Undergrad: 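Here's a structure for you.
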Amino acid sequence: MTLPPSTPGGGLAIRAAAGADLDAMVRLLAVLFSLEADYRPDAERQRRGLALLLAEPDARVLVAEAGGRAVGMATVQLVVSTAEGAFSALVEDVVVEAAWRGRGAGQSLLSAAEAWARERGATRLQLLADRENAPALRFYERNGWRTTQLVCWRRGGA
């Protein structure tokens with residue numbers, strides 16, 4: 001199913017990403033990962049990860065486009081939740097260029113990710129955010145996201 005573009009205020013369109021967006025998305029991820037303590041920008045890794053997501057039927061990569069170029073992005077992937085007895089969706093890689101923040105792009109990306117996930121039966125969405133990124137935490141809270149008692153752990157990776 002193709003995601004129809006939406007046009008929120010400010011001349012932005014939210015649409016499904018394509019291979020032609022890879023360079024712009026790698027650039028956006030460099031911005032995001034430079035803000036997060038647990039990750040580092042690595043163009044080759046990000047390009048590989050994005051290519052995997054673009055080919056994955058249970059995932060969607062979204063871009064916010066303005067003036068013919070990507071100014072924001074988000075990814076969403078389905079996982080099975082035994083707690084829900086249904087699909088849950090993991091939202092990641094939410095980033096908007098500084099010049100476009102506060103203009104509806106991030107909110108529109110989250111709405112499009114949620115719509116995609118709900119159409120596929122997801123009953124819950126979840127995401128991770130850097131605990132030191134106060135502007136992002138306020139953004140998610142304003143958009144109806146709430147913290148849980150769970151703590152993220154990881155093993156492996158860079």
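Basis for what follows: all heavy atoms, side chains included, without hydrogens, waters or symmetry-related copies. These numbers come from a predicted model, not from an experiment. Counting begins at 1 with the first residue of the sequence.
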Undergrad: Verify the neighbour count for atom CD of Q107: are there more than 12 heavy atoms of other residues, nucleotides or ligands below 6.0 Å?
TA: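 At most 12 heavy atoms, drawn from other residues, nucleotides or ligands, come within 6.0 Å of this atom.
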Undergrad: Is there a path of hydrophobic side-chain contacts, each under 4.5 Å between heavy atoms of I, L, V, M, F, W or Y residues, that connects L90 with V76?
TA: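 Hydrophobic grouping puts L90 apart from V76.
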Undergrad: Would you name the heavy atoms of V63 and L109 that are closest together and state the gap between them?
TA: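 Taking every non-hydrogen atom into account, C-CD2, 3.9 Å.
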Undergrad: Heavy-atom distance under 4.5 Å between the side chains of T75 and L62, does that happen here?
TA: no
Undergrad: Closest approach of F87 and R120, non-hydrogen atoms and distance?
TA: CD1-O, 3.5 Å
Undergrad: Using 0.5 Å steps for rounding, measure from the CZ atom of R45 to the CG atom of L50.
TA: 14.0 Å
Undergrad: In terms of hydrophobic clustering (I, L, V, M, F, W, Y; side-chain heavy atoms under 4.5 Å; direct or indirect links), are L32 and L54 co-clustered?
TA: yes
Undergrad: State the CG-CZ distance between L125 and R118, to the nearest 0.5 angstrom.
TA: 5.5 Å
Undergrad: Minimum heavy-atom separation for A51 and L22, please, with both atom names.
TA: N-CD2, 4.4 Å
Undergrad: Is there a side-chain contact between E65 and L12 in this structure, where contact means two heavy atoms from C-beta onward sitting under 4.5 Å apart?
TA: no
Undergrad: Holding to side chain to side chain contact (heavy atoms under 4.5 Å, CB included), I want the full list of residues that pass it with Y140, two or more places apart in sequence or in another chain.
TA: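 Result, side chain to side chain contact (heavy atoms under 4.5 Å, CB included) vs Y140: V94, L110, L127, A129, A136, W145.
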Undergrad: Can you tell me how far apart OG (S88) and CD (Q77) are? Round to the nearest 0.5 Å.
TA: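 It is 11.5 Å, given to the nearest 0.5 Å.
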Undergrad: N133: which residues meet the side chain to side chain donor-acceptor pair (under 3.5 Å) condition with it, sequence neighbours left out?
TA: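 By the side chain to side chain donor-acceptor pair (under 3.5 Å) rule, N133 matches no residue at all.
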Undergrad: How would you list, by chain and number, every residue that makes a side chain to side chain donor-acceptor pair (under 3.5 Å) with R69, sequence neighbours excluded?
TA: E97
Undergrad: State which residues pass ring-ring contact (aromatic ring centres under 6.0 Å, His included) with F33; sequence neighbours excluded, sorted by chain then number.
TA: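 In terms of ring-ring contact (aromatic ring centres under 6.0 Å, His included), with neighbours along the sequence ignored, F33 is linked to Y39.
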Undergrad: Linking Ile, Leu, Val, Met, Phe, Trp and Tyr through side-chain heavy atoms less than 4.5 Å apart, which residues share a cluster with V151?
TA: W153
Undergrad: Between A70 and R27, which heavy-atom pair has the shortest distance, and what is it?
TA: O-NH2, 3.0 Å
Undergrad: Applying side chain to side chain donor-acceptor pair (under 3.5 Å), name anything that partners D130, two or more places apart in sequence or on another chain.
TA: none
Undergrad: How close do I14 and A105 get, counting heavy atoms only, and between which atoms?
TA: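 Heavy-atom minimum between the residues: CD1-O, 4.2 Å.
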Undergrad: Check A30 against P41 and note the closest heavy-atom contact, atom names and distance.
TA: O-CG, 3.7 Å
Undergrad: For the pair D38 and R154, find out whether any cationic side-chain nitrogen is under 4.0 Å from an anionic carboxylate oxygen.
TA: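 R154 and D38: not salt-bridged.
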Undergrad: If the condition is side chain to side chain donor-acceptor pair (under 3.5 Å), which residues does D42 pass it with, not counting sequence neighbours?
TA: R40
Undergrad: Given side chains that start at C-beta, do those of V71 and R103 come closer than 4.5 Å, heavy atoms only?
TA: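 The answer is no, as the side chains (C-beta and beyond) never meet within the 4.5 Å cut-off.
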Undergrad: Decide whether L150 and V80 are clustered together by the hydrophobic rule: side chain heavy atoms of Ile, Leu, Val, Met, Phe, Trp, Tyr closer than 4.5 Å, transitively.
TA: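 As far as the 4.5 Å side-chain criterion goes, V80 and L150 are not connected within one cluster.
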Undergrad: Quick one: does D21's side chain have a donor or acceptor within less than 3.5 Å of a partner on A17's backbone?
TA: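 No, D21 side chain to A17 backbone: no donor-acceptor pair under 3.5 Å.
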Undergrad: At what distance, to the nearest 0.5 angstrom, does CG of D58 lie from CZ of R60?
TA: 11.0 Å
Undergrad: Between CG of L128 and CD of E36, what distance do you get to the nearest 0.5 Å?
TA: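 Here the rounded value is 9.0 Å.
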Undergrad: Looking at residues at least two apart in the chain, or sitting in another chain, which of them share a side chain to side chain contact (heavy atoms under 4.5 Å, CB included) with R138?
TA: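 Applying side chain to side chain contact (heavy atoms under 4.5 Å, CB included) to R138 gives A134, P135, R142.
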Undergrad: Heavy-atom distance under 4.5 Å between the side chains of E132 and L35, does that happen here?
TA: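 The answer is no, as the side chains (C-beta and beyond) never meet within the 4.5 Å cut-off.
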Undergrad: Is there a side-chain contact (heavy atoms from CB on, under 4.5 Å) between V96 and M73 once you walk through the steps?
TA: CA-CA 7 Å; V96 175; M73 66 171 289; over 6 Å; no
Undergrad: If I take atom CG from residue L28 and atom CG from residue D23, how far apart are they, to the nearest 0.5 angstrom?
TA: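 That separation rounds to 11.0 Å.
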Undergrad: Name all pairs fulfilling the salt bridge (charged side-chain N to carboxylate O under 4.0 Å, His left out) condition that reach into residues 81-95, sequence neighbours left out, sorted by first residue then second.
TA: E84-R124
Undergrad: Under the side chain to side chain contact (heavy atoms under 4.5 Å, CB included) test, which residues partner V31, sequence neighbours left out?
TA: V95, R101
Undergrad: Not counting sequence neighbours, which residues clear salt bridge (charged side-chain N to carboxylate O under 4.0 Å, His left out) with R131? List them please.
TA: none
